[in-house]
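Below is one structure, written out as structure tokens; comments come after it.
This one's a predicted model, so the numbers in the text were calculated from it and none came from an experiment.
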Amino acid sequence: MWFVSSLFSSLMHSPTCFLLKPIFLHALSSFFHLLLLAMVLVPLLCKRIITVESKDKKTNNNKALFQKTLFCSVGFSVFNLFLSLINYFIWYRTSLTQEKLFTLLDLGLKTVSWGVLAISMHNDHRRFPLLLFRIWCAFYMFVSCSSFIVDIIVLILYKKHVHLPPQCIVSDVVATLVGLFFCYVMCFVKNDECEDISTIEEPLLNGDDHASSMEKKETNRGGETVTPYSNAGIFSILTFSWIGSLIALGNKKILDLEDVPQLDSGDSVVEAFPAFKEKVEADCGGTNHITTLKLVKLLVISAWKEILFTAFLALLNTLASYVGPYLIDAFVQFLDGKQLYENQGYVLVSAFFVAKIVECLSQRHWFFKLQQIGIRIRALLVTMIYNKSLTLSCQSKKGHTSGETINLMTVDAERIGVFSWYMHDLWLVILQVSLALLILYKNLGIASIAAFFATVFVMLANIPLGSLQEKFQTKLMESKDTRMKATSEVLRNMRILKLQGWEMKFLSKIIQLRKTEQMWLKKFVYTSAMTTFVFWGAPTFVSVVTFGTCMLVGIPLESGKILSALATFRILQEPIYNLPETISMIAQTKVSLDRISLFLRLEDLQFNVVEKLPLGTSDKAIEVTNGNFSWDLSSSVTTLKNINLSVFHGMKVAVCGTVGSGKSTLLSCILGEVPKVSGTLKVCGKKAYVAQSPWIQSGKIEDNILFGKKMDRKKYEKVLEACSLKKDLETLSFGDQTIIGERGINLSGGQKQRIQIARALYQDSDIYLFDDPFSAVDAHTGSHLFKECLLGHLSSKTVVYVTHQVEFLPAADLILVMKNGKITQCGKYIELLNNGTDFMELVGAHKKALSTLDSTSTFEQDINVSNAHVVKQREARKDDQIGNKIDINDHSEPKGQLVQEEEREKGKVGFLIYWKYITTAYRGILVPFILLAQILFQTLQIGSNYWMTWATPISQEDPSPVEGSILIIVYVALAIGSSFCILARAMLLVTAGYKTATLLFNKMHFCIFLAPMSFFDSTPSGRILNRASTDQSAVDTDIPNQISSVAFTLIQLLGIIAVMSQVAWQVFFVFIPVIAASIWYQQYYLPAARELSRLVGVCKAPVIQHFAETISGASTIRSFDQQSRFQETNMKLSDEYSRPKFNVTGAMEWLCFRLDMLSSITFAVSLIFLVSIPKGVINPSIAGLAVTYGLNLNMVQAWVVWNLCRLENKIISIERIMQYTCVPSEPPLVVEENRPDPSWPIYGEVDIQNLQVRYASHLPLVLRGISCTFYGGLKTGIVGRTGSGKSTLIQTLFRIVEPAAGRVMIDGINISSVGLHDLRSRLGIIPQDPTMFEGTVRNNLDPLEEYTDEQIWEALDKCQLGDEVRKKEGKLDSPVSENGENWSMGQRQLVCLGRVLLKKSKILVLDEATASVDTATDNLIQQTLKLHFADSTIITIAHRITSVLDSNMVLLLHQGKNYKELLKSMSHLQNC
């Protein structure tokens, strides 16, 4: 040390001493930075920069270092800018010496040169002169290190003789670090292409440490790569730079799901759920024993590390936030001239600044981690709910409909995930209050006790408010469940509603359910408004009590201590204000947890019903011994009684019987779906099941057939041939790649059934269970299926098939005859004919139908001849069709599919959306009053604080400007005024929000119900339900609060700027660039965040849709043992929903981190300015007030931008709802100027003229020029192969589908000229798919409540259901479960018959109405129709020849065309 001191002393006195003086070092630094500026600018200006090829390869390490290089350049430029401003503020009142001028020049050149360097690096399409830059870095490091060494020696040896300003030391330290860093980068970073030239790219904004090369980007899209967060470095995690590449991509293009990276393994439910499931099994022994408390415990354990880490961050954030209030009194005293030690001002500034940095960093990562936990918990809950729905017993399903189950997933699980935000709030409130009391005790002494009791009083006020909110929230959720259940059912059955003309009645039912929901919503939001009023006024109340106590006990009030107390109250305001929201959220979350745990505890299917044996262990495929089964175990009546059955491997077993005899239930027993009362049931081998009601998934036809199996082309082609699907696929534009709409909406009933059969055949199971699959296809196709599938493809398999068609019985090895839940007879066909009474009834009915006309053979022969003619024509066109198919596949465009991708808006949310929202309620007249109330509140708040600061002395020695009583009176008056402003604002806000939600709900539902059927065909119900549940919930509560938050925080920010600028207007020099930078960051962030938020909405619908489809097809899924595959699919869809959600969270924190840093720097600059100005220039009290408000600057500024961004994300719910308020409507329900006569139609004559129909403008014609006449009072049969256009013709008659050309006349009136309601209400129909609604028998027969009980009983007796209904306890008020599940398919068909018997229409359409009933019941229906509709025009679509044999006319359709030679009277056919 002595040697260094001597050396330095000699140097300072030598002729070279000038080289070590600061002025020379600053001049040298300026010269070097001029060189840097020239080195970067000259090539740029001369346009000699070599462009980089897009295929250049760089290693990930290079890119990561270049990103940090760019960040360092930007940071150093900004640092020098602020340092120059600080020096200017310090020196501007004194004369500028030569040394000071050189210092400012040096800082200015550093700012410009490093800024230009950053811009040059930012441009990734240009080469950078790396070799020159390396040389420059070496010299720069030498100069900066020299300056730093000089500073150290001066501080150690010449501290008493030389004054070294702190900012000079800081500048030299930073410059040295920058020099060392750049030297490291330039020495060790090598380009793969060239050693001496490299491209510096990837700015901080694109700061992905693991960005792939351009080559990799071509092969690996975002959706195929794991999120950069998984492997991000500490720097990238701290600054959220890992999300930068996605934000940058969002600025270049509109983001799609493929651009969003996959989740980290810890956040993916696919990875996380197995471990969670093991914990559930270990702790609870399964979900059936899970309680709310256990569920909470399991969820906490699943994320305990993250929860502890966020608790630490929350603690750190809280401690850092109280540094400002603790030091504010000392800062005011310092400004008043009471300096305790040298450089105390700068020490205080440093303490403020470091605390702010710690507060910002901890808060950002605290919030991010909490949201990450929420995403994970939501996904786990959704998976649990989904898995449970696959195992629910039939009894449990009765109590929990699909709508309620979907609500658990969309609302309750989502709310529990959101609760992660509030996880630490309760214990944080205690900590924050304790710290606040300590600071208050330090400043105000015993008065802090009064503050404590006031705070406790405010918190205790939460108890009644919290309990009220919990009650209202519970009722609100219950009413929402009921509405969603009804909405789901209506959407599922919209076709039948439109056919019957009932849609407006069911709309009014949903509106009525919404009114009940609105009643609870109104109570909930107004309670929230009162809560807002109480707790916005709480800090003011606490401060009034505290300062009043000080006056009473004689504690002197000083401005510094008051400012410290006000800053403390301001910080305390947030937890106190959030406390009601936290309590409300706890209440809501508890309700949701209770609902989910209750659902998880529901009874599962009895897994011991079926004893499953491995193949080969028994010679019997199915064995039932003394089996008694009941759908309802609590009922004394069993559904199936004394079942004894043995089916050997390879047998074909037919099950027949009348409607409601228990045939389908027997198959359900074999599947294990029906609870067992007693007996044994053994099944040996894998099962496949074909349900009576086809269950088809949304997606490709190929995927429905494969059903999870790998493609075996040879086997696949054989299955298609056996199921007669090849010809159907040829007529479809995309063949087996055609996307099927929801519930197979764009397929005919026969096509859906054959796809079901193909699915079963492709599985290659051992046991096949067919529940009357041939009833939905025509007779020719049915015979082909029976021969090719059951007798051919499945010749060696065990097959149990239910059938009503007697012609399929002789081929069976065993026939079971069922009646009243018992097997009354069993044996072979011949045996039963000889001694079977019940069997003879069925066969006799069939023979009676066949003998109705003697011309059956003639009729069949004529049809067969025509069919042969049709086949020839088809063969002639076969080559053309194949050619067309190939051409379409080569140029396949999504627009050719019926079901399109969900529409989402692109780009910025338009101002029109905001304007429509705020002007929906009362034309926006309340909005100015809400803003005025907030402005007055903010003004009065600032005024009250200003008053307390101005009216109190700085110290005890100074005189008080006003008396104590006046001080408190004025303060109380201002406080009361501000509280009333808050009350007015809160009440007006919830009034406007409630009214807007009501109007938007009504408008959206009105438009949906008036939409044409094509809208429902091409729109999966999940998309509509998503808007009716999630988006509507956002409109009900979230969006009004979000819009108000934007306005209120903006007003608050303007108030802070006004207060700070009043003290030091020079702060505007910092404010302006910081605000500009904040706006730029926001604009840079928004494109990506906006599209990610839209993707969140779009990705939610497939989850809901898959959920709804799984619930409806649970028995089919279980029969194929496909539960695990569907569970995996659900988890993948859940992850797809979480992907954009996770990245939305990361992007938000990326923005907030940068805004927080900018605000912290602004605050630090303003503090440095206040410390640097001479004493007496400003009032220390007012300066302290500015600092008090400045403590909140970073938070408020970040909240303004954060709320703006969150609003744009949330407003997408309005955008999505408004999409459905603009759905094109059907033609008017009533045309007033063209209303038909009440007695129309009188004759019932239907004249069809050149009718052409297509389902959508981009789809091919389905009906191609049909012309025919159905004469009034006659019975016309329509026959044709499956998919020939029979059902389409009927839909056109009801104007479900509008003609593309031609017209339909009824009694001389063009049906297109009258209103839809007038048309549909005059026509009657028994549809192909029998539909019943949840409710009662009465509601199902007479939903419009037009008929008396006597008329309803009469109709029930006519349709053979009277005795069945009389057996039920409730008679006409007997409950009907969702989809009529507690009624057999045949009984549902009879209920549909009862409806038309009540309606007594002149024109009646039977769309394969007797497909699901046995022949005897079919005969009864035909006799009933003949008796009661003798004078009506009856149009019958049938697959059974017997159903059209007594028709006066027959129309044969093929490929959308009619063959006129067959449009003849039956008498003419007899003579042929």
Side-chain angles (χ1 to χ4, degrees), residues 390-397 603-657 660-692 760 763 765-772 797-802 812-827 1114-1123 1381 1384:
L390 274 172
T391 62
L392 280 183
S393 67
C394 57
Q395 198 64 27
S396 299
K397 281 185 177 180
E603 183 186 1
D604 285 336
L605 283 168
Q606 291 181 0
F607 290 103
N608 60 348
V609 170
V610 180
E611 185 182 339
K612 295 180 181 178
L613 304 175
L615 188 65
T617 57
S618 172
D619 59 342
K620 296 176 183 176
I622 302 167
E623 184 179 10
V624 187
T625 308
N626 298 324
N628 290 282
F629 303 88
S630 177
W631 287 110
D632 185 2
L633 289 174
S634 61
S635 173
S636 58
V637 181
T638 55
T639 312
L640 295 183
K641 312 171 192 69
N642 302 322
I643 303 297
N644 288 280
L645 174 66
S646 293
V647 179
F648 292 90
H649 288 289
M651 283 183 69
K652 305 293 181 286
V653 180
V655 184
C656 59
S661 58
K663 303 182 296 297
S664 297
T665 304
L666 179 63
L667 295 190
S668 297
C669 286
I670 297 170
L671 292 171
E673 298 289 318
V674 187
K676 182 172 66 177
V677 178
S678 62
T680 60
L681 169 57
K682 298 178 182 178
V683 175
C684 181
K686 291 191 303 178
K687 305 181 296 295
Y689 173 58
V690 178
Q692 190 173 15
Q763 296 300 305
S765 297
D766 306 307
I767 301 169
Y768 285 83
L769 306 175
F770 290 85
D771 193 355
D772 199 17
K797 305 289 185 180
T798 306
V799 181
V800 180
Y801 61 97
V802 171
D813 299 313
L814 181 68
I815 299 172
L816 305 178
V817 183
M818 298 200 69
K819 189 173 184 179
N820 297 326
K822 295 180 180 178
I823 299 176
T824 56
Q825 292 173 290
C826 66
S1115 58
T1116 301
I1117 294 166
R1118 286 192 293 264
S1119 69
F1120 287 98
D1121 293 323
Q1122 293 272 349
Q1123 296 98 310
E1381 295 282 341
S1384 75

Review point. Has the side chain of Asp766 got a donor or acceptor atom that lies under 3.5 Å from a matching backbone atom of Lys686?
Key: yes
Exercise for review: With rounding to the nearest 0.5 Å, note down the distance linking CD in Glu623 to NZ in Lys682.
Suggested key: 5.5 Å
Check your understanding: Between Arg1118 and Leu671, does a side chain to side chain contact (heavy atoms under 4.5 Å, CB included) hold up when you go through it step by step?
Key -> CA-CA 8 Å; Arg1118 286 192 293 264; Leu671 292 171; over 6 Å; no
Review point. Heavy atoms, side chains only, cut-off 4.5 Å: are Gln606 and Lys676 in contact?
Key: yes
Exercise for review: Sort and list the pairs that fulfil side chain to side chain donor-acceptor pair (under 3.5 Å) and have at least one residue in residues 637-651, not counting sequence neighbours.
Suggested key: none
Review point. If every non-hydrogen atom of Leu605 is compared with every non-hydrogen atom of Gly672, which pair is closest and at what distance?
Key: CD2-O, 4.1 Å
**Study point:** Residue pair Lys612, Asp1121: steps toward the side chain to side chain contact (heavy atoms under 4.5 Å, CB included) verdict
**Key:** CA-CA 12 Å; Lys612 295 180 181 178; Asp1121 293 323; 4.0 Å; yes
Point to revise | From Val609, Thr665, Leu666, residue fulfilling side chain to side chain contact (heavy atoms under 4.5 Å, CB included) relative to Val674 | key: Thr665
Practice item. Look only at the side chain of Thr798 and the backbone of Gly650, and say whether a donor-acceptor pair between them is shorter than 3.5 Å. Key: yes
Practice item. Starting at CE of Met818, measure out to SG of Cys826 and round the result to the nearest 0.5 Å. Key: 11.5 Å
Practice item. Apply side chain to side chain contact (heavy atoms under 4.5 Å, CB included) to Gln692 and Ser664, showing your working. Key: CA-CA 8 Å; Gln692 190 173 15; Ser664 297; 3.6 Å; yes
Check your understanding: Going from CG on Leu814 to CG on Leu645, what distance comes out if it is rounded to the nearest 0.5 angstrom?
Key -> 7.0 Å
Revision key, fill the gap. Correct closest heavy-atom pair for Cys684 and Gly616 would be SG-N, 3.9 Å
Check your understanding: Do any N or O atoms from the side chain of Thr625 and from the backbone of Thr680 form a donor-acceptor pair under 3.5 angstrom?
Key -> no
Practice item. Check the pair Cys669 / Val624 against side chain to side chain contact (heavy atoms under 4.5 Å, CB included), numbers first and verdict last. Key: CA-CA 10 Å; Cys669 286; Val624 187; over 6 Å; no
Exercise for review: Could you tell me which non-hydrogen atom of Tyr768 sits nearest to which non-hydrogen atom of Gln763, and how far apart they are?
Suggested key: OH-C, 4.4 Å
Review point. Between atom CG of Leu390 and atom CD1 of Ile1117, what is the distance when rounded to the nearest 0.5 Å?
Key: 5.5 Å
Exercise for review: Answer yes or no: is there a donor N or O on one side and an acceptor on the other, between the side chain of Ser668 and the main chain of Glu673, under 3.5 Å?
Suggested key: no
Check your understanding: Taking the side chain as C-beta and beyond, is there a heavy-atom pair between Asp771 and Tyr689 under 4.5 Å?
Key -> yes
Exercise for review: Give a yes or no on this: more than 12 heavy atoms of other residues, nucleotides or ligands lie within 6.0 Å of atom CG of Asn820.
Suggested key: no
Practice item. Mind checking side-chain hydrogen bond (donor to acceptor under 3.5 Å, both in side chains) for Ser765 and listing every partner two or more places apart, or none if nothing turns up? Key: none
Practice item. State, with a plain yes or no, whether a side-chain heavy atom of Val800 is found less than 4.5 Å away from one of Leu816. Key: no
**Study point:** From Lys797 atom NZ to Ile767 atom CD1, the distance as rounded to the nearest 0.5 Å
**Key:** 10.5 Å
Practice item. Determine whether Asn626 and Ser678 make a side-chain contact, defined as any pair of heavy atoms from C-beta on separated by less than 4.5 Å. Key: no
Revision key, fill the gap. One should read off an interatomic distance between Phe629 CZ and Leu681 CG, to the nearest 0.5 angstrom, of 5.0 Å
Check your understanding: Which atom names give the shortest non-hydrogen contact between Pro614 and Thr617, and what distance separates them?
Key -> O-OG1, 2.6 Å
